[in-house]
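Have a look at the structure below before the remarks.
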Amino acid sequence: MSYNTKQWQNKLADACQSYHMPSPVYQVVSDRRGGRTAWSCRVEVGGEIIQARFWFDGKNLENAKEDAAELALNRLTSTRSPSSATSRGSIW
């Protein structure tokens with residue numbers, strides 16, 4: 001899996017702005033696995049925390065952020081219609 005640099009992160013930030021929501025907050029997480037460390041990411045959007053699907057080697061950490069951003073954007077856009085963009089209530 002390869003992502004263009006920050007493509008999903010930028011789309012998620014744009015969606016949050018259009019829905020008048022705070023910017024997404026990313027949290028990088030690690031898990032020691034034998035002699036190596038695996039990295040993943042969580043993103044908080046509208047009070048909901050979305051975990052990336054996959055774990056990555058440290059050199060591919062940006063992919064973990066992109067994975068979390070993609071999931072969060074899909075969740076955000078599937079639960080909100082464009083007509084509700086001015087609503088400031090819960091997104092979920």
Give the intermediate values and the outcome of side chain to side chain contact (heavy atoms under 4.5 Å, CB included) for residues Lys65 and Val28.
CA-CA 8 Å; Lys65 291 181 180 179; Val28 174; 3.9 Å; yes
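Under the 4.5 Å side-chain heavy-atom criterion for Ile, Leu, Val, Met, Phe, Trp and Tyr, Tyr19 and Ile50 are members of the same hydrophobic cluster. Residue Trp39 is not grouped with residue Val43 when hydrophobic side chains (ILVMFWY) are merged at heavy-atom distances under 4.5 angstrom, including chains of intermediate members. Connection of Met21 to Tyr26 is established within a shared hydrophobic cluster, with ILVMFWY side chains joined at heavy-atom distances below 4.5 Å, either directly or through further cluster members.
Distance alone, capped at 3.5 Å, is enough to place a donor-acceptor pair between the Glu66 side chain and the Gln9 backbone. No side-chain donor-acceptor contact under 3.5 Å links Gln27 to the backbone of Arg42.
Across all non-hydrogen atoms, the minimal contact from Val29 to Cys41 is CG2-N, 4.1 Å. Across all their heavy atoms, Ser78 and Arg75 have their closest contact at OG-O, 3.1 Å. The two residues Pro22 and Cys16 have their closest heavy-atom pair at O-CB, 3.7 Å.
Put simply, the side chain of Asp31 does not reach to within 4.5 Å of the side chain of Ser40, judged on heavy atoms. By the 4.5 Å heavy-atom criterion applied to side chains, Asp67 and Trp55 are not counted as neighbours.
Expressed to the nearest 0.5 Å, how far CD of Glu62 lies from CD of Gln7 amounts to 12.0 Å. The distance from the CZ atom of Arg36 to the OG atom of Ser30 is 14.0 Å, given to the nearest 0.5 Å.
In summary, of the residues considered (Leu76, Thr77, Leu71), a side-chain contact (heavy atoms from CB on, under 4.5 Å) with Leu12 occurs for Leu76 alone.
More than 12 heavy atoms of other shown residues, nucleotides or ligands fall within 6.0 angstrom of atom CZ in Arg33.
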